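Please read the structure below before turning to the comments.
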Number of protein chains: 2
Amino acid sequence: MPKMSSKESALNQFRDKCSEHGLKVTPQRTAIYEEVLHSKEHPTANLIYKKVRKKLHNISFDTVNRTMITFSRLGVIRVVEGYGEPKRFDPDLEPHHHFRCIRCNGIIDFHEQTFDEIDIPKNISKQFTVLHKKVVLEGICVSCQEEKV
Amino acid sequence: MPKMSSKESALNQFRDKCSEHGLKVTPQRTAIYEEVLHSKEHPTANLIYKKVRKKLHNISFDTVNRTMITFSRLGVIRVVEGYGEPKRFDPDLEPHHHFRCIRCNGIIDFHEQTFDEIDIPKNISKQFTVLHKKVVLEGICVSCQEEKV
DNA sequence: CTCGGTGCAAAATGTTTGCAAGTAC
DNA sequence: GTACTTGCAAACATTTTGCACCGAG
């Protein structure tokens, strides 16, 4: 087996992912992939757009945005807080946890005492003021599962 | 001590909260407070707006939106997913957890094996397909603490 | 060559801001 | 009476959509 740099292997992984899902390997997608995989700051599409533009001078924002949504569908990257949704409010201040449906964006509260009791790691509490803790589970809710089999 | 209905006591609590923070008790705020406290669906400002409009016919969306932001600052309600922010992406698919600064919206990754190992409650896994789990801590990050003392 | 991908422009959606008029205290 | 609130309208930010052209396979 020939040796390859981590850059090459990452690129190959990317090609595989694409062909696996019937996606074409375009320079835009490659550049976006490289940029987003090296970013540590949980970037928005806009931030990646700005960075990728340095290489691909006239790439459009849509391409970046659409590509990143595509990537998150493939499971190459993940969408985290925020989720691009309008602000939502919760009047329940008691400890509880959330299941979030990635399809309909619904949030279901649940209670679980063992989760309420988790200890905040010292390296976090040393640096930050923690006001709230919760467990967030993500997946597909009942109604969304039934909708499309 | 005179008895009072839970409605009265909730209203009194609300009045207290307001005077505590130097806020005036207006009909709009009262109506919004009542609506949001009884909602179970993690409503957006827009949803509350639609509901409150049935009582206060010509309340504006801004008032609802501003009031709810005010309430969340007072700690009467809490902002949950989504946070009204643009979509953000995370290339790290390995188990890890998030500290989220409620002031600057920054997300800091951290690792904690005991968190990775939490068990999904049966009543959740029975109903839903759970694809991902994480602990989300919220509070104020170092730089935001330093900024305003 | 073909179909999916891209760039552009416009529309849709959600949020924020400035200000004059109104109202709780 | 005063300062805080409200409603309105406009500005702003972000996301989505439609379509003609382009290029990877």
Side-chain angles (χ1 to χ4, degrees), chain A residues 11-12 14-33 35 42-50 52-53 55-74 76 79-89 102 104-105, chain B residues 11-12 14-33 35 42-50 52-74 76 79-89 102-105:
Chain A
L11 193 55
N12 279 343
F14 173 60
R15 286 187 208 283
D16 290 349
K17 273 278 182 195
C18 282
S19 58
E20 200 180 303
H21 293 269
L23 294 184
K24 291 178 181 172
V25 179
T26 64
Q28 288 90 336
R29 281 182 179 153
T30 309
I32 294 165
Y33 177 81
E35 201 56 71
H42 312 86
T44 61
N46 191 39
L47 185 60
I48 295 295
Y49 170 56
K50 283 182 196 157
V52 171
R53 230 155 101 109
K55 286 188 186 175
L56 268 60
H57 206 270
N58 71 332
I59 193 173
S60 74
F61 170 77
D62 311 87
T63 299
V64 177
N65 193 38
R66 275 184 294 209
T67 300
M68 290 179 66
I69 290 169
T70 304
F71 284 173
S72 68
R73 265 208 309 270
L74 303 198
V76 177
V79 180
V80 298
E81 314 85 311
Y83 299 99
E85 267 194 276
K87 264 194 207 67
R88 295 177 67 170
F89 300 88
I102 59 171
C104 68
N105 290 331
Chain B
L11 194 55
N12 279 344
F14 173 61
R15 286 187 207 284
D16 290 348
K17 273 278 181 194
C18 283
S19 59
E20 199 179 304
H21 293 269
L23 293 184
K24 291 179 180 171
V25 179
T26 65
Q28 288 91 335
R29 281 182 179 153
T30 309
I32 294 166
Y33 178 81
E35 201 56 70
H42 312 86
T44 61
N46 191 40
L47 186 62
I48 296 295
Y49 170 57
K50 283 182 197 158
V52 170
R53 231 155 100 107
K54 289 174 187 168
K55 286 188 186 175
L56 269 60
H57 207 270
N58 71 334
I59 193 173
S60 73
F61 169 77
D62 310 87
T63 301
V64 177
N65 192 40
R66 274 184 295 211
T67 301
M68 290 178 64
I69 290 168
T70 304
F71 284 174
S72 66
R73 264 207 309 270
L74 304 196
V76 176
V79 179
V80 298
E81 314 86 310
Y83 299 99
E85 266 193 277
K87 263 194 208 68
R88 296 176 67 169
F89 300 87
I102 59 172
R103 212 164 274 173
C104 68
N105 290 331

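Protein chains get the first letters and strands the later ones, always in sequence-line order, with residue 1 at the start of each. All values reported here derive from a predicted model rather than from experimental measurement.
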Looking at [atom1] of [X] and [atom2] of [Y], how far apart are the two atoms once the value is rounded to the nearest 0.5 Å?
X	Y	atom1	atom2	result
His21(B)	Leu23(B)	NE2	CG	7.5 Å
Arg73(B)	Ile102(B)	CZ	CD1	11.0 Å
His42(B)	Leu47(B)	NE2	CG	12.5 Å
Glu85(A)	Glu85(B)	CD	CD	12.5 Å

For Pro86(B), side chain to side chain contact (heavy atoms under 4.5 Å, CB included) partners two or more places apart: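 Expected list: Thr44(A).
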Side chain to side chain contact (heavy atoms under 4.5 Å, CB included) involving Lys17(B) - partner list, sequence neighbours excluded: Val76(B)
Interface with DNA chain D, restricted to residues 53-63 of chain B and to heavy atoms under 4.0 Å: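 Nucleic-acid contacts, sorted: Asn58(B), Ile59(B), Ser60(B), Asp62(B), Thr63(B).
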Please report, rounded to the nearest Å, how far the [atom2] atom of [N] is from the [atom1] atom of [X].
X	N	atom1	atom2	answer
Met68(A)	dG5(C)	CE	C1'	17 Å
Ile32(A)	dG7(C)	CD1	C1'	12 Å
Lys50(A)	dA13(D)	NZ	P	11 Å
Lys87(B)	dT14(D)	NZ	C1'	9 Å
Glu85(B)	dT13(C)	CD	C1'	17 Å
Leu74(A)	dG4(C)	CG	P	15 Å
Arg29(A)	dG7(C)	CZ	C1'	14 Å
His21(A)	dG4(C)	NE2	P	16 Å

From dT15(D), dG7(C), dT6(D), nucleotide with atom closest to Gln28(A) side chain: dG7(C)
Residue Arg66(A), side-chain heavy atoms: nucleotide from dT15(D), dG18(D), dG5(C) that is nearest: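 So the nucleotide nearest the side chain must be dG18(D).
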Residues 57-69 of chain B side chain polar contacts: donor-acceptor under 3.5 Å, at least two apart:
| unit_1 | atom_1 | unit_2 | atom_2 | d |
| --- | --- | --- | --- | --- |
| Ser60(B) | OG | Thr63(B) | N | 3.3 |
| Ser60(B) | OG | Thr63(B) | OG1 | 3.0 |
| Thr67(B) | OG1 | Thr63(B) | O | 2.5 |

Upstream residue (5' side of DNA chain C) when Ile69(B) and Thr67(A) are each assigned their closest nucleotide: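 In this pair, the answer is Thr67(A).
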Where Ile48(B) and Ile32(B) come nearest, the two heavy atoms and their spacing: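 Nearest pair, atom of Ile48(B) first, then Ile32(B): CG2-CG2, 4.2 Å.
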Minimum heavy-atom distance between Glu81(B) and Arg88(A), given as atom pair plus value: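 That would be O-CD, 3.5 Å.
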Mind listing the N/O atom pairs, protein and nucleotides 20-25 of chain D, below 3.5 Å?
| unit_1 | atom_1 | unit_2 | atom_2 | d |
| --- | --- | --- | --- | --- |
| dG23(D) | N2 | Lys24(A) | NZ | 3.1 |
| dA24(D) | O3' | Val25(A) | O | 3.4 |
| dG25(D) | OP1 | Val25(A) | N | 3.1 |

Under-4.0 Å side-chain N/O to phosphate OP1/OP2 contact, Asn65(A) with dT14(D): no
Flag for Tyr33(A)-Arg29(A): side-chain donor and acceptor within less than 3.5 Å: no
Val79(A) vs Phe89(B) side-chain heavy atoms within contact, under 4.5 Å: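 Yes, at least one pair of side-chain atoms sits under 4.5 Å.
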Overall bend - the helix from dC1(C)-dG25(D) to dC25(C)-dG1(D), comparing terminal axes fitted on five pairs, nearest 10 degrees: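 The end axes of the helix from dC1(C)-dG25(D) to dC25(C)-dG1(D) are about 40° apart, to the nearest 10°.
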